[in-house]
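Read the structure below first, then the notes.
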Amino acid sequence: MGLLETSDKQSIHLVENEIQARIDQIFSNLERLEILCSKEPPSKRQNAKLRVDQLKYDVQHLQTALRNFQHRRYVRDQQDREREELLTRSYTTNDSETTIHMDETLQFNSSIRNAHQGIDDLLGSGSSVLEGLRDQRKTLKGTHKKILDVANMLGLSNTVMRLIEKRAFQDKAIMIGGMLLTCVFMILVIKYLT
């Protein structure tokens, strides 16, 4: 990121592309790390996920810093272009037959500026929406993985519950059988011994 501030105009795009590529690579590595965290023993899993989340947070800050730098550079370049355009414009005196329609020209100029500003706002909001969608995709991937983990745990829990219910039914059958056997034994003892 420090190289961005000191690089010249010709190489700044290469540096930005390299930083963006590295950030994207870090994001893909973090996704792999999340998968590996779920395979850790339960005692280490929480700590590992916490570290991965911290790394994600740091990388998102780097992404935001890059976007802010690009925006500042875009504004600075646009100001330079406008300044150069004003300085290179040639002004001439008006002929006697020439009349200036100042109001119409000012209105036209303000309309163009408003349209230009509107397009810039649309591009900015479109970029924000795209970034938001990327962030939501990453969040939904994480949520999907967590749901799969919970589903796996619930599948194990359902198996355990079925085994408990089966054991309870068997215990009940043994108890009723034992009670009937005891009753038959008591009836036989009373009938034959008394």
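- For the atom pair CG of Leu50 and CG of Leu55, the computed distance is 10.0 Å after rounding to the nearest 0.5 Å.
- Within the 4.5 Å cutoff, the side chain of Arg32 has heavy atoms near those of the Asn29 side chain.
- Using a 4.5 Å cut-off between side-chain heavy atoms of Ile, Leu, Val, Met, Phe, Trp and Tyr, Val189 falls into a hydrophobic cluster with Phe185, Leu193.
- Leu62 has its side chain out of reach of Asp58: every pair of non-hydrogen atoms, C-beta onward, lies at least 4.5 Å apart.
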Working for side-chain contact (heavy atoms from CB on, under 4.5 Å), residues Phe69 and Ile12:
CA-CA 11 Å; Phe69 178 81; Ile12 197 163; 3.6 Å; yes
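- Interatomic distance, NE2 of His13 versus CD of Glu16, reported as 6.5 Å (0.5 Å rounding).
- To the nearest 0.5 Å, the span separating NZ on Lys172 from CD1 on Ile174 amounts to 13.5 Å.
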Apply salt bridge (charged side-chain N to carboxylate O under 4.0 Å, His left out) to residues Arg22 and Glu18 and explain how you reach the verdict.
CA-CA 6 Å; Arg22 287 184 183 182; Glu18 182 181 344; 2.7 Å; yes
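- Listed by first and then second residue, the ring pair (Phe, Tyr, Trp, His ring centres under 6.0 Å) pairs that reach into residues 21-66 are Tyr57-His61, sequence neighbours excluded.
- Annotation for Met179: atom CE does not count as buried by contact number, only 12 or fewer foreign heavy atoms lying within 6.0 Å.
- Take Arg134 and apply the side chain to side chain donor-acceptor pair (under 3.5 Å) test, not counting sequence neighbours, and it matches Glu131.
- Note that the NZ atom of Lys56 and the CG atom of Leu33 stand 10.0 Å from one another [nearest 0.5 Å].
- In terms of hydrophobic clustering, with Ile, Leu, Val, Met, Phe, Trp and Tyr side chains grouped at heavy-atom distances under 4.5 Å, Leu123 and Leu66 are assigned to different clusters.
- Residues Ile119 and His116 fail the side-chain proximity criterion, which asks for heavy atoms closer than 4.5 Å.
- Within 6.0 Å of CD on Gln78 lie more than 12 heavy atoms contributed by other residues, nucleotides or ligands.
- You'll find the side chain of Gln20 stays beyond 4.5 Å of the side chain of Asn17, heavy atoms only.
- Counting only distance, with no hydrogens or angles, the side chain of Thr182 and the backbone of Gly178 share a donor-acceptor pair below 3.5 Å.
- In plain terms, the two heavy atoms of Arg83 and Asp80 that are nearest each other are NH1-OD1, 2.8 Å.
- One distance of note links CG of Asp135 with CG of Leu140; it measures 11.0 Å at 0.5 Å rounding.
- Note that CZ of Arg45 is 7.0 Å distant from OG of Ser38, once rounded to the nearest 0.5 Å.
- Nearest heavy-atom pair, Glu31 versus Lys145, reported as atom, atom and distance to 0.1 Å: O-NZ, 3.6 Å.
- Residues Tyr74 and Asp120 form a side-chain contact, since some pair of their non-hydrogen atoms from C-beta on lies under 4.5 Å apart.
- Shown here is Arg72, whose CZ atom has more than 12 heavy atoms of other residues, nucleotides or ligands within 6.0 Å.
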List the steps and the verdict of salt bridge (charged side-chain N to carboxylate O under 4.0 Å, His left out) for Glu34 and Lys49.
CA-CA 7 Å; Glu34 269 188 322; Lys49 282 188 179 185; over 6 Å; no
Could you go through Arg73 and Asp77, starting from their C-alpha distance and side-chain angles, then the distance that decides it, and tell me whether this counts as salt bridge (charged side-chain N to carboxylate O under 4.0 Å, His left out)?
CA-CA 6 Å; Arg73 182 181 49 79; Asp77 288 348; 3.6 Å; yes
